[in-house]
Amino acid sequence: MKPTIHHHLDSDGIAHLVFDLPGAKVNTLSAAVLDEFDHWLDVLADDPEVRLLTIASAKPTVFIAGADLTEIAGFTDPHEATTKAARGQAVLQKLADFPRPTVAVINGACLGGGLELALACTYRLATTDAKTVLGLPEVTLGFVPGFGGTQRLPALIGLPAALQMILTGKPVKVTKALKLHLVDQLTHREFLYEAVTTFCELVLTEEGRQSVLSSRQPRPVRSWLTGANPLARAVILSQARKRVMAKTGHAYPAPLAAIALLQRTHGKPLEDALAEEAKAFGQLATTAVSANLVNLFFLGERVRKERFIAADAEPVPIQRPAVVGAGVMGGGIACLLSSRELPVRLKDVSWEAITKGYQEANATYTTLQRLRKIDARQARLNMLRIAGCIDYTGFATADLVIEAVVEDAAIKRGVYAELEERIAPTAIIASNTSTIPIEELARNLRRPERFAGLHFFNPVSRMPLVEIIAGPKTSQQTVATLLAATRAWGKQPIVVKSCPGFLVNRLLMPYLSEAIHLLVEGVNILHLDHLMTHFGWPMGPARLLDEIGLDVARKVAHILDAGYDGRMPTHPFFDAIVDECHLLGRKSKAGLYVYDADGTAMPNPEVSSLLASFRQEPVTTLDDVTIRERLLYMMVNEAARCLSEEIVGDAGLLDMALVLGTGFPPHQGGLLRYADSLGATHIHSRLSHYQASCGPRFTPAPRLIAMHEQKETFHETDRQRTQAGISGSGRGLPRNRVAPPQLHG
Amino acid sequence: MNDRIAIIAGVRTPLCKAGGVLKEMPADELGAIAVRDVIARAGLTPDDIDDVVMGNVGQPAHATNVARVVALKAGLPQRVPAMTVQRNCASGAEALITAANHIRQGSATIAVAGGTESMSQMPLLAGPHLRDALMALQKARSVKERLGILLRLRPADFKPVVGLVAGLTDPVCGLIMGQTAELLARDFHLTRDQQDLYALRSQQRAAEAQEQHYFDAEITPLIVTPSYDAYQHTDDGVRRGQTLAALHKLRPYFDRHLGTVTVGNSSQLTDGAAAMVIMSEARARDLGLTPLGYLRHAATAALDPSRMGLGPVHATHRLCRESGLTVGDFDLIELNEAFAAVVLANQMAFASRSFAQEHLGQDQALGELDPERLNVNGGAIALGHPVGMTGARLVITLLHELKRRGHGLGLATMCVGGGQGTSLAIEAA
């Protein structure tokens with residue numbers, strides 16, 4: 001096997017160890033790499049010519065991305081995981097004890113184990129390159145840093161800042177890192193060589209060493225107030241615990257474990273503290289939550305690269321997109337495109353309508369400015385890229401037209417007829433339909449091969465998922481182009497086959513309808529939503545209905561009702577609440593809940609009586625298990641049908657789509673992974689039970705019956721596929737967290 | 001310069017009163033929107049453009065070569081060069097002439113030309129005392145020194161120099177533009193009544209044109225920044241139901257006691273931008289594009305700064321002499337309504353044999369300006385005069401009106417502060 005670490009000794013006694021994992025884009029700290037590093041530390045420690053050791057990376061955008069996740073994913077025994085962490089700790093301790101000064105030369109992502117390695121160096125020098133970030137993202141994968149990070153980070157930058165980094169997993173940029181004294185000096189990448197030489201010479205002098213080290217020392221009072229005194233420490237940790245509890249409760253054990261670990265190890269000798277850390281790592285890395293999060297991480301990597309279609313279809317770059325329909329979705333899409341520096345033509349029937357689209361885009365940019373993601377100048381420049389019109393001006397030169405008009409097949413077809421008169425024959429038309437089958441929309445098209453569904457989720461700027469729906473006549477090149485384009489726009493597209501509701505809405509709507517059934521049967525709305533947020537959803541189904549809009553949900557319900565021959569009947573409640581009560585949800589300030597000015601939601605009393613009017617039997621108290629099962633198994637059952645119909649490639653993609661598109665709780669690993677953990681037999685028997693008590697909507701899908709009989713799981717077949725894909729390349733910790741739980745409409 | 005230059009498309013923003021709807025939109029943004037949309041209307045993409053020339057008078061402090069900023073904000077590729085031209089009130093026309101010359105010389109193939117002006121955002125300048133103090137403050141080393149500088153300032157030193165007023169004042173003859181109009185009124189014996197009547201007619205014609213949606217084809221509506229909660233698709237200076245009585249009530253603005261020029265019979269201060277896509281006639285044919293019309297000839301002349309209002313007659317004289325056209329050849333004439341007095345004085349000068357003999361060196365009058373062909377849809381008195389943009393607007397408005405009528409030759413002519421005039425012969429396609 002080719003070595004990862006290259007060694008080089010300068011004439012002036014400066015030794016360089018350069019990480020360059022063969023055949024990979026990123027460096028990771030696998031067991032083998034750690035052994036190699038360990039060996040070099042031994043060799044160089046004994047070399048009298050070495051005055052100073054630097055550690056760098058030969059990868060252009062990564063220093064070291066972390067431990068090798070494939071190794072972590074393989075752990076089942078906590079002791080094994082603890083041993084692995086202890087081994088890493090030992091190697092890094094050897095680095096920390098290196099008899100000469102050591103300098104981490106950080107260019108690119110320095111994450112997880114990579115940062116822990118840098119922390120074990122005497123000094124850290126970083127480049128100002130935009131890719132250079134430092135972080136400990138371990139908690140996002142369900143465990144805690146295990147190579148000494150929980151000890152060395154607080155020791156270097158203080159408890160509050162270290163907690164922030166460890167508990168959120170968010171990496172910091174170099175300017176922040178310098179402020180925190182996480183790095184000692186910055187340099188522009190172009191002058192890296194000179195900067196390393198000068199810095200090494202500096203710290204080899206006694207004054208230079210003193211000046212660098214003393215600049216790290218916080219003022220004594222401040223350091224005492226922020227963790228050195230036991231009381232402050234207890235307060236800081238308990239506040240952090242409260243914040244974590246408020247955000248995610250007990251769903252994610254890793255941040256809570258990290259806090260407990262820091263409490264426990266305070267004042268202990270480093271050796272004992274590291275042993276505690278390794279133990280905590282071992283326990284967490286083998287939990288189901290961690291396995292789920294790691295699995296989702298791999299799934300995310302897979303979705304990012306998945307081809308979906310034949311390898312020979314060449315995507316065409318999209319440079320001049322246009323959007324028809326300036327509503328919430330059209331405006332959101334225009335905003336997304338403009339943020340990617342693309343000029344966008346935005347057409348609607350009136351300037352009033354176009355103004356709404358601009359406001360939608362502006363609202364997103366205003367939020368991004370508040371979050372300091374962009375500044376006012378950038379926002380204004382991006383807004384200028386959006387050009388409204390009411391007459392298809394500029395559409396002749398468009399290469400992609402995204403249609404986002406009302407969800408009505410006849411109106412959409414009318415738009416396509418107008419478009420085909422005006423756009424280039426090479427241009428693609430993509431419909432942002434959320435439910436209507438593509439073949440139905442493509443019926444009168446002259447060029448159906450250049451037509452596909454492109455379903456964005458609301459809010460477009462935040463939802464990473466895009467469903468690309470290939471109709472029977474859609475060409476491979478059209479799909480390839482939309483895949484490449486949406487990826488270039490920072491989205492995570494998944495290709496699905498056309499059917500009413502496609503994948504996500506087809507799964508989500510039965511869940512939402514079941515929530516209405518439960519409410520009609522007398523379940524308390526707050527309790528219902530609480531059960532699902534407790535499960536890990538960012539909001540319960542009733543709140544979600546309000547967010548989506550009851551009118552929109554009603555439309556989706558009707559389309560599914562018609563599309564599946566009554567297998568998914570629309571609950572009459574939807575027509576009543578929209579037509580009779582005119583309650584549309586959050587956007588009309590009242591739906592299942594009523595909303596006051598600051599967005600606080602209270603159950604809507606008007607709805608209780610409406611719900612009661614549909615009640616056929618007296619209220620029976622349903623237990624929590626029943627409520628949860630009816631909601632979730634309804635989805636599982638429909639997912640089984642989607643797999644049989646090959647709406648989506650496999651269970652893994654389905655799970656990822658739901659996490660990205662609906663905010664399905666990541667720590668549950670995905671809908672079907674959750675179902676697999678319960679077993680097909682259990683789900684089948686419960687569905688049969690509900691079929692008897694609640695009606696045919698719970699009829700088990702044929703695939704579930706087969707799985708129950710043959711004792712199969714949804715993921716069985718994919719697993720081999722996924723693992724085969726992983727083994728080829730080493731992978732580090734994620735650069736992005738798994739999608740934040742957000743919801744769609 | 002005999003090759004005709006094809007004007008493929010021309011578009012302008014609505015013109016809105018300074019300090020009003022568009023006050024938060026800087027000139028570069030207004031210009032970018034016009035440029036972006038005119039390229040789309042021409043059926044081209046920004047990649048097709050290889051030259052940009054924009055007229056602008058009140059150079060925005062944040063965008064000193066405003067044309068370049070306009071080009072980049074309009075989404076033109078970075079490789080496309082852009083220059084700003086300044087010939088005061090003819091700047092927008094000058095941009096067209098300059099870009100046309102670039103094409104004739106072969107240094108450009110498809111160009112965007114236009115003008116942009118935010119009269120709302122004309123800078124306020126620090127006076128000399130304040131300026132010196134601010135400079136000294138930067139150099140000061142101690143608090144004591146700084147305090148000393150600040151204490152020397154008097155309240156009057158904080159009074160800003162209004163860029164707009166300074167810009168509209170001729171530094172050579174010392175007159176503000178309205179005062180030169182007063183001079184013309186006296187020279188040509190133009191009474192207050194005559195001027196107000198002309199102003200009324202301008203308002204009525206503009207109102208009628210608006211009613212008939214004549215301007216819709218040349219206007220690209222704007223979504224108003226920074227809130228993006230409203231759109232503007234019409235010129236807001238037009239006063240429907242304007243009456244002579246109302247105009248009579250206004251006090252003379254530039255000569256309080258004896259004057260005749262009021263804000264009612266002067267052009268309004270408005271914000272706006274305009275742009276055209278131009279190329280050689282041959283190129284348009286090759287690309288299969290149908291032009292709106294052609295630039296046939298252009299001429300600029302100069303004269304006494306205090307009589308700058310007579311620029312049109314001098315420039316048109318030159319245009320006719322060079323091109324062989326006569327005033328009678330023009331089916332439509334857009335003569336910029338800087339002031340009613342300017343239009344009326346030119347009408348008299350064009351028709352006057354003695355004026356021709358005395359000032360133009362020819363025996364016959366230049367030719368009458370038929371009121372039925374002159375400013376048929378009103379002008380700057382109703383729509384306003386964003387100085388650096390107007391020249392381009394006159395051409396665009398003229399082209400659209402010629403097109404609406406199906407054919408013809410048009411004259412766009414304007415007086416220029418500082419004592420110049422520019423005239424362009426425009427032909428419908």
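Bear in mind the structure is a predicted one, so any value in this text is a computation, not a measurement. Sequence lines set the chain letters: A, B, ... in the order given, protein chains first and strands last, and positions in each chain run from 1.
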Visitor: Do B:Lys73 and A:Arg380 have side chains that approach each other closer than 4.5 Å (heavy atoms only, starting at C-beta)?
Guide: no
Visitor: Using non-hydrogen atoms and a 4.5 Å limit, figure out which bit of A:Ala396 sits close to chain B: side chain, backbone, both or neither.
Guide: neither
Visitor: Under 4.5 Å, heavy atom to heavy atom, which residues of residues 351-372 of chain A contact chain B?
Guide: A:Trp351, A:Glu352, A:Ile354, A:Thr355, A:Tyr358, A:Gln359, A:Asn362
Visitor: For atom NZ of A:Lys587, decide whether the heavy atoms of other residues, nucleotides or ligands shown that lie under 6.0 angstrom number more than 12.
Guide: yes
Visitor: About how many Å separate CG of A:Leu384 and OG1 of B:Thr225, when rounded to the nearest 0.5 Å?
Guide: 8.0 Å
Visitor: So which part of A:Leu381 gets closer than 4.5 Å to some heavy atom of chain B, the side chain, the backbone, both or neither?
Guide: side chain
Visitor: Might you confirm whether atom NE2 of B:His62 has over 12 heavy atoms from other residues, nucleotides or ligands at distances under 6.0 Å?
Guide: yes
Visitor: Measure distances from B:Leu44 to the heavy atoms of chain A and classify the residue's part below 4.5 Å as side chain, backbone, both or neither.
Guide: backbone
Visitor: What residues of residues 34-42 of chain B make heavy-atom contacts with chain A at a cutoff under 4.5 angstrom?
Guide: B:Arg36, B:Asp37, B:Ala40, B:Arg41
Visitor: Just verifying a value: how many Å separate A:Met383 CE and B:Ile223 CD1, rounded to the nearest 0.5 Å?
Guide: 8.5 Å
Visitor: Checking B:Ser227 against chain A: side chain, backbone, both or neither under 4.5 Å from a heavy atom?
Guide: backbone
Visitor: What part of A:Ile386 gets within 4.5 angstrom of chain B, counting heavy atoms only: side chain, backbone, both, or neither?
Guide: backbone
Visitor: If you define the side chain from C-beta out and look only at heavy atoms, does anything of A:Arg320 sit under 4.5 Å from B:Thr45?
Guide: yes
